[in-house]
Protein chains: 2
Amino acid sequence: MSDLLERLRGRGWRLTAQRRVVAEVLDGDHVHYTADEVHALASDRLPEISRATVYNTLGELVSLGEVIEVSTDGRAKRYDPNAHHDHQHLVCSQCGTIRDVHVQGDPLSALPEPERYGFQVSEVTVTYRGICPHCNSTS
Amino acid sequence: MSDLLERLRGRGWRLTAQRRVVAEVLDGDHVHYTADEVHALASDRLPEISRATVYNTLGELVSLGEVIEVSTDGRAKRYDPNAHHDHQHLVCSQCGTIRDVHVQGDPLSALPEPERYGFQVSEVTVTYRGICPHCNSTS
DNA sequence: TTCTTGACTTAGACATTGTCCAATGTAGGA
DNA sequence: TCCTACATTGGACAATGTCTAAGTCAAGAA
């Protein structure tokens, strides 16, 4: 975590209280907050932080490759700090919970050359959907 | 296409001019319009059709499994009438163009049991991203 | 054919999520 | 300590989607 702040400073980031708080909120495993959730959590520690700053900071973290933007439904994007370990997502169709998962093999290789239509394919995201144990037991 | 209208009528759909026009707009291969695009195209044929009706009709077509909802970016959802042939999507990261593609093997089987965390996994979407030939040549 | 009725459509208000801008504040180097 | 370029703020605005009350109409009944 302090690693992250150090890396960012190394890249010329000016280290402000707001940015520090946003980075702290995103620290942890299986974190997939929306921008509004990040803003709410950040406000707990720094009440005067503005929405615009949260959006700006999240955008920068994404540009720098420190955080991944995930949009599983058509709703608000979510931000995933687990950017340095290749992974995919498993989403509960009912409650929306997200888990990071790891697949066998490289999904990129499943797309044959003739199915690439001349694209320079560089990235693939796989999203699994189903019912989580909790929703399954309470329905 | 008239197949579609017949199927829908069979399911108790009341056949209105508005629904017919929306269904016609969605007819074809490699169609991935946003709701607003559908509305614009439908308005060409039926100027007084309202946005709400387009949203309603698209929602119904999705519920009935006749159309698939695709959200490749965090922007507007797109509607894909190619619902009866299993396929995935290839998206140009620059211009947003979408192509239907077919992968080798079943992506569902790439997720091992211990990586399912008790979920009843039922669905998987794979989205490939890259630069399309057109954007590649003009950049 | 005409009538009837419940489903459908409409316009516009409203909600959610995200972006932009001008004014103000401040981190960090000189 | 002072400067200044960069960061933050609040609020207006934009894009997309949802909801509601009132009016309209498709299709079965008579």
Side-chain angles (χ1 to χ4, degrees), chain A residues 5-25 32-43 45-64 66-80 96 98, chain B residues 2 5-25 32-43 45-64 66-80 96:
Chain A
L5 293 178
E6 276 316 307
R7 273 204 303 279
L8 295 173
R9 197 206 295 266
R11 300 206 213 187
W13 244 40
R14 185 179 286 184
L15 203 40
T16 66
Q18 290 83 350
R19 288 173 166 179
R20 196 192 316 267
V21 166
V22 169
E24 282 170 10
V25 166
H32 302 94
Y33 294 132
T34 65
D36 261 12
E37 287 166 352
V38 172
H39 180 234
L41 292 166
S43 296
R45 309 192 193 191
L46 192 66
E48 65 278 22
I49 193 173
S50 76
R51 267 179 7 109
T53 294
V54 171
Y55 276 101
N56 287 344
T57 305
L58 290 172
E60 287 154 9
L61 289 170
V62 170
S63 298
L64 293 172
E66 298 289 349
V67 163
I68 292 173
E69 211 171 55
V70 181
S71 51
T72 54
D73 49 7
R75 312 292 307 278
K77 291 175 191 156
R78 293 179 172 275
Y79 294 87
D80 181 346
I98 302 180
Chain B
S2 53
L5 293 178
E6 277 315 307
R7 273 205 302 281
L8 294 174
R9 197 209 293 271
R11 300 207 213 186
W13 246 39
R14 184 179 287 186
L15 204 38
T16 66
Q18 289 85 350
R19 286 173 168 181
R20 196 190 318 265
V21 166
V22 169
E24 281 170 11
V25 166
H32 303 94
Y33 293 134
T34 64
D36 260 11
E37 286 166 351
V38 172
H39 180 232
L41 292 166
S43 297
R45 310 192 193 193
L46 191 66
E48 66 277 22
I49 192 172
S50 74
R51 265 177 9 107
T53 295
V54 171
Y55 275 102
N56 286 342
T57 305
L58 289 172
E60 286 155 10
L61 287 170
V62 170
S63 299
L64 293 172
E66 298 288 348
V67 164
I68 292 173
E69 211 171 55
V70 182
S71 51
T72 55
D73 49 5
R75 311 292 306 279
K77 291 173 192 159
R78 293 180 172 275
Y79 294 88
D80 181 345

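All chains are named by letter (A, B, ...) in the order of the sequence lines, taking the proteins before the strands, and each is independently numbered beginning at 1.
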Quick one: side-chain contact (heavy atoms from CB on, under 4.5 Å) partners of A:Arg45, sequence neighbours excluded?
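Partners of A:Arg45 under the side-chain contact (heavy atoms from CB on, under 4.5 Å) test: A:Val21, A:Glu24.
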
Return all side-chain donor-acceptor pairs below 3.5 angstrom for residues 70-77 of chain A, not counting sequence neighbours, or 'none' if the list is empty.
{"residue": "A:Asp73", "atom": "OD1", "partner": "A:Arg75", "partner atom": "N", "Å": "3.2"}

Do any side-chain atoms of residues 52-60 of chain B form donor-acceptor pairs under 3.5 angstrom with protein atoms, and if so which ones, sequence neighbours left out?
{"residue": "B:Thr53", "atom": "OG1", "partner": "B:Ser50", "partner atom": "OG", "Å": "3.2"}
{"residue": "B:Asn56", "atom": "ND2", "partner": "B:Ala52", "partner atom": "O", "Å": "3.4"}
{"residue": "B:Thr57", "atom": "OG1", "partner": "B:Thr53", "partner atom": "O", "Å": "2.8"}
{"residue": "B:Glu60", "atom": "OE1", "partner": "B:Arg19", "partner atom": "NH2", "Å": "3.2"}
{"residue": "B:Glu60", "atom": "OE2", "partner": "B:Arg19", "partner atom": "NH2", "Å": "3.4"}

| query | To the nearest 0.5 Å, what is the distance between CG (B:Leu64) and CD (B:Glu66)? | reply |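 Going from CG on B:Leu64 over to CD on B:Glu66, the span is 6.5 Å.
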
Residues in ring pair (Phe, Tyr, Trp, His ring centres under 6.0 Å) with B:His32, at least two apart?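 Ring pair (Phe, Tyr, Trp, His ring centres under 6.0 Å) list for B:His32, sorted by chain: B:His89.
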
Give a yes or no on whether the backbone of A:Thr34 and the side-chain of A:His39 come within a donor-acceptor separation of less than 3.5 Å.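 Not a single qualifying donor-acceptor pair exists.
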
query: Between which nucleotides of DNA chain D, 5' to 3', does chain B make heavy-atom contacts below 4.0 Å?
result: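 Span of nucleotides near chain B: D:dA15 to D:dA27.
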
Going by an N to O cut-off under 4.0 Å, is there a salt bridge joining B:Glu37 and B:Arg78?
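Looking at B:Glu37 and B:Arg78, the cut-off is met.
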
Heavy-atom contacts, protein to nucleotides 17-30 of chain C, under 4.0 Å, summarised as B (base), S (sugar-phosphate only) or - (none) per nt, yield SBBB-----BBS--

